[in-house]
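Quick notes on the structure that follows.
Since the model is a prediction, treat every value here as computed from it, not as a measurement.
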Amino acid sequence: MLDPIQLPILMKAIDFVFEEGRKILEERRERRKSGDAASKSEEQESVKEPALPEPEKEREIKQDLLSSKIDEILWKNYEWEVEKLVKRLEIHTQNYHHHKEQHAKWGSDLVPSVIVHRITEAENSMIETIKELEIVLSKVYKKDINQINKS
């Protein structure tokens, strides 16, 4: 049995699911609540807004995963897939932050619609990749890990 703390890629995967993904989804919700006209038009094209669990439950699940032991053979079967998904999430996160920076440079009134579209696209890509990562982590831990649910 392996301790997840010994595997940096697994720690990074758990952090993406419980930390980075949550932050970006919260930013997305705030932007949509603020009534941004550009995001309202994009909302029709985008993926359905996922629901997040309460922070207390989330912390409890994360701590449980970090303290759980995982089967070494099971980890070896899924290690490459976790690495691939984490790398994909890193790329989506970089794209997201780059486009948010461009959005800030233009200002919300003058921002070209292509930048708003790219932000939404990066968010949707992250959501889909996090869902895939949750499925793989569920198999590794033999537990149901559904942080991002359809609402």
Side-chain angles (χ1 to χ4, degrees), residues 1-33 36 38-104 113-151:
M1 297 297 245
L2 293 171
D3 192 2
I5 295 175
Q6 298 170 335
L7 305 169
I9 192 71
L10 191 56
M11 294 289 293
K12 202 170 201 177
I14 291 171
D15 281 340
F16 261 118
V17 171
F18 290 92
E19 302 291 330
E20 188 70 26
R22 182 176 189 78
K23 288 177 193 173
I24 290 175
L25 287 174
E26 286 175 357
E27 286 177 17
R28 178 180 178 153
R29 279 207 177 92
E30 288 174 18
R31 188 178 72 243
R32 288 184 175 180
K33 282 181 183 177
D36 188 359
S39 74
K40 284 184 181 178
S41 64
E42 291 293 326
E43 199 169 351
Q44 297 164 355
E45 300 174 19
S46 67
V47 177
K48 214 177 202 182
E49 188 74 26
L52 294 172
E54 301 93 39
E56 302 84 33
K57 184 178 178 187
E58 185 179 271
R59 273 187 243 113
E60 184 180 306
I61 294 170
K62 183 178 177 182
Q63 283 304 112
D64 184 40
L65 293 178
L66 292 175
S67 63
S68 298
K69 301 278 185 184
I70 55 172
D71 184 27
E72 188 173 351
I73 295 169
L74 199 56
W75 170 244
K76 289 191 185 286
N77 290 337
Y78 291 106
E79 182 177 13
W80 69 271
E81 196 168 353
V82 171
E83 286 178 14
K84 176 186 75 168
L85 291 169
V86 167
K87 286 178 185 174
R88 193 183 315 161
L89 278 170
E90 287 173 343
I91 291 168
H92 294 318
T93 302
Q94 288 174 353
N95 290 341
Y96 173 79
H97 290 296
H98 173 73
H99 297 307
K100 288 289 283 184
E101 188 177 302
Q102 287 180 332
H103 187 281
S113 60
V114 69
I115 293 175
V116 175
H117 175 71
R118 288 180 180 163
I119 291 171
T120 305
E121 194 175 78
E123 291 168 341
N124 292 342
S125 297
M126 286 186 67
I127 290 169
E128 292 304 315
T129 306
I130 289 172
K131 287 178 186 176
E132 290 177 41
L133 186 58
E134 287 174 350
I135 291 168
V136 174
L137 290 176
S138 293
K139 291 175 184 175
V140 169
Y141 281 102
K142 298 179 185 174
K143 297 177 183 179
D144 189 29
I145 304 169
N146 287 326
Q147 288 304 297
I148 298 181
N149 304 308
K150 289 281 190 185
S151 57

Measure the CD-CD1 distance between Glu19 and Ile14 for me, rounded to the nearest 0.5 Å. 11.0 Å

For Ile9 and Trp80, what are the C-alpha separation, side-chain angles and deciding distance, and is it a side chain to side chain contact (heavy atoms under 4.5 Å, CB included)? CA-CA 10 Å; Ile9 192 71; Trp80 69 271; over 6 Å; no

Under a 3.5 Å cutoff, is there a donor and acceptor pairing between the side chains of His98 and Gln102? yes

Considering residues at least two apart in sequence or located in another chain, which fulfil the salt bridge (charged side-chain N to carboxylate O under 4.0 Å, His left out) criterion with Glu81? none

Please report the interatomic distance CZ(Arg28) to CD(Glu123), rounded to the nearest 0.5 Å. 5.0 Å

Distance col, row Ile24:CD1 vs Ile130:CD1, nearest 0.5 angstrom, shows 7.0 Å

Would you call Glu72 and Lys76 a side-chain contact if the rule is heavy atoms closer than 4.5 Å? yes

Is there a side chain to side chain contact (heavy atoms under 4.5 Å, CB included) between Leu74 and Lys139? Walk through the geometry before answering. CA-CA 8 Å; Leu74 199 56; Lys139 291 175 184 175; 5.8 Å; no

Residue pairs, two or more places apart or on separate chains, that pass salt bridge (Lys or Arg N to Asp or Glu O under 4.0 Å) and touch residues 85-100: Lys12-Glu90, Arg88-Glu132

Give the intermediate values and the outcome of side chain to side chain contact (heavy atoms under 4.5 Å, CB included) for residues Phe16 and Leu85. CA-CA 10 Å; Phe16 261 118; Leu85 291 169; over 6 Å; no

Could you list the residues that satisfy side-chain hydrogen bond (donor to acceptor under 3.5 Å, both in side chains) with Asp15, not counting sequence neighbours? Lys62

Which atoms form the tightest heavy-atom contact between Leu133 and Ala13, and what is the distance? CD2-O, 3.6 Å

In Å and rounded to the nearest 0.5 Å, what is the NZ to CD distance from Lys33 to Glu26? 9.5 Å

Is there a side-chain contact between Glu128 and Lys131 in this structure, where contact means two heavy atoms from C-beta onward sitting under 4.5 Å apart? yes

Heavy atoms of Ile115 and His103 approach each other most closely as CG2-N, 4.0 Å

Spacing of OH belonging to Tyr141 relative to OH belonging to Tyr78, to within rounding of 0.5 Å: 14.5 Å

Shortest non-hydrogen pair, His92 vs Ser125, comes out as CE1-CB, 3.4 Å

Between Arg118 and Asn95, is a side chain to side chain contact (heavy atoms under 4.5 Å, CB included) present by the stated rule, with each step listed? CA-CA 8 Å; Arg118 288 180 180 163; Asn95 290 341; over 6 Å; no

Distance col, row Thr129:OG1 vs Lys84:NZ, nearest 0.5 angstrom, shows 9.5 Å

